[in-house]
Amino acid sequence: MKILVPVKRVPDPATTIRVLPDGSGIATDNVKWVINPFDEIAIEEALRIKEKQGGEVVLVAVGQQTWQEQLRTGLAMGADRAILVRSEAALDTLAIARLLAKIAEEQKPDIIILGKQAIDDDSNQVGQMLAEMLGWPQATFASKVEFQDRKCTVVREVDGGLETVAFDLPAIVTTDLRLNEPRYASLPGIMKARKKELKEIPADSLGVDLTPKLKIKKLDPPPKRQAGRKVASVEELVQVLHNEAKVI
Amino acid sequence: MSQEFDSEQSLIESFVRRLAAKYDRRYWLQCAKTGQPLDALWRELGKAGFLGAMAPEQYGGSGVSLTRLAILMEQLGNHGIPPLLLVVSVMGAVAIAKHGTEEQKRRYLPPLADGSERFCFAITEPDAGSNSFRIRSLARRDGDHYVLNGQKVFISGVDQSEHMLVVARTIAADSASDKREGMSLFIVDTNAPGLTAHRMDTQILMPEGQFQLFFDEVKIPRANLVGEEGKALRAMFDALNPERITAAAMGVGIGRYALSKAVEYARTRKVFNTPIGAHQGLAHPMAIAKTELEMASLMTHRAAEVFDAGGDAGMYANMAKYAAGETAAKTVDLAIQVHGGSGFMGETDVITLWPLARLMRTAPISREMILNYIGEHVLGLPRSY
């Protein structure tokens, strides 16, 4: 099975994010960059499918040259090759989905697996847009993925329960947190990653309209947390919760 | 350094970061305080292929790379979870991979690489510390066996290892025409009949204890001789450079861990109006410590690269060990000073680093012997001993 896994580079979840004074973005100095954790789950799932059924895992990212680092990480985990669609400008989700659709048409994967959302902007759109553009079935928020011949069954995490859907390939699956626990890149994996193919394609060579439809106007950091306060007794706590916080 | 090297380094960094989230400093301290091996951590290192870093692929290894192993060790140190056993285990792997027989490689390298069996290294004796040629442990030939008698001290991790590499004489020192002759290297099981191990009272907070060993008519199959009989010098030195390099990496890591604690404390602790880290009396020593740690780190990487390329890593390995030992001890001392009185509390976990950091000036080779080496072999000065 040929599996395409789109990957995004995001700040490490453990990094403290600082918003620039003018609210135009985040300060990127001293930020450590990682693979979007949901995409890491997608890579892991792709590798498990490949280990079971054979095939090829191809990574694709849309971004700057520095994104190579995340693609190399995915290659070290075990993916076979990677494509970096080079774009110096930050693109919106629609443009990204259009570029990925082009890559999918060219690569002809049996399935595309990607994170349900990126942890930086939490858009949760690319998978869905991609399904629409390709005219493929989609199963979002997957917590279990199984195959029988060209049929795929996915258990989805929906509000208040689980939903099982089945569809034919090719298809799009977006991953939820509980799908798997991604592996680390092993030392042999790290050493082999150097020799794997990482191809770069300029974004503007794909004949796609990249004009942003969305503009980020302003970012605001969350309000500073107020210091807590100590109460003397359980009675006082109940009093305060009832009268001041009005939560009980 | 190349960009490729940086990207591999960052992969090893992320691996260790995730590992350290699971097996953190508290886990390490718990093992250190109870004298338990870092079993769970060790298994993960094996699973991820790092214990096989010095073993060729056909023997279950990951392809030989001391550079990557040194980076791993440094990173484990950065998180305060360095396994000393890795330093000694590496020596077993290197000696067997380079000088072992085909049979030894097939028997010992795969379990060493996957973490299921471990190696310690026994060379030091009561009368042969820095002067290894004076060892008296003697292995005499007896049919298809050797019979070993002798005593060793300060041998780390014996209780946590299945096997040990033992340096012993096959020609007694006083009968050898040249003191370098007659040194041999053997693989001995730690549970071999006639071998007894006593834990020594070393006061170093770490999971690996030091042991005194007595060999009383210990039978060693001839097949366990590594390299040629009486000519183990080459194999010994081949194993000693990686030991110095991984020990240097460990020193750099411990130093970085101590410095990160000092910086964190100095950033928030206020004695007067500003955080104490704003005072140059503390900021400058911390900046110097950072600089010296990074210099030691670069020297360590250089030494490992030379070793990997098959060159003579002696000079760089010794210099790296010197630089890392000095800066580790200085940085932990500084971290204690930055913490003031609370630096002496167990809960701040700074004084706890001192014995291990200070050890880096003494072992695996003392700084004086390193300076002798550099004086004699690098600068070409006459030797005094």
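Quick caveat: nothing in here was measured; it's all calculated off a predicted structure. Residue numbers start from 1 in every chain, and the chains themselves are labelled A, B, ... in the order their sequence lines are given, proteins ahead of strands.
Here Asp24(B) does not pair with Lys22(B) in a salt bridge; the nearest charged N to carboxylate O distance is not below 4.0 Å. For Arg106(B) and Glu102(B), the salt-bridge test passes: some basic side-chain N is under 4.0 Å from an acidic carboxylate O. Residues Lys290(B) and Glu292(B) are not paired through a salt bridge, judged by the lack of any N-O separation under 4.0 Å between the basic side chain and the carboxylate. For the pair Glu8(B) and Arg72(A), the salt-bridge criterion is not met [side-chain N within less than 4.0 Å of a carboxylate O].
The contact list for residues 31-50 of chain A toward chain B, using heavy atoms and a distance under 4.5 Å, reads Lys32(A), Val34(A), Glu40(A) by residue number. Along residues 44-55 of chain B, the residues that come nearer than 4.5 angstrom to chain A, judged on non-hydrogen atoms, are Glu44(B), Ala48(B), Gly49(B), Phe50(B), Ala53(B) in order of number.
For His79(B) and Tyr257(B), the gap between ring centers reaches or exceeds 6.0 Å.
No part of Leu72(B) comes within reach of chain A, as not one of its non-hydrogen atoms sits under 4.5 angstrom from that chain. With a threshold of 4.5 angstrom between heavy atoms, Leu19(B) approaches chain A through its backbone and through its side chain.
Of all the listed residues (Gly189(A), Ala193(A), Ala76(A), Pro182(A)), the one sharing the greatest number of non-hydrogen pairs under 4.5 Å with chain B is Pro182(A).
Judged purely by distance below 3.5 Å, without hydrogens or angles, the side chains of Arg156(A) and Thr140(A) pair a donor atom with an acceptor atom.
When every heavy atom of Pro13(A) is checked against every heavy atom of Ile119(A), the shortest pair comes out as CG-CD1, 3.8 Å. The nearest pair of heavy atoms linking Tyr23(B) to Ile81(B) is O-CD1, 3.3 Å. The two residues Trp67(A) and Ala61(A) have their closest heavy-atom pair at CE3-CB, 3.9 Å.
Under a cutoff of 6.0 Å and an axis angle of 45°, Arg18(B) and Tyr184(A) do not form a cation-pi pair.
Atom-to-atom distance recorded for Leu59(A):CG and Asp80(A):CG is 8.5 Å, nearest 0.5 angstrom.
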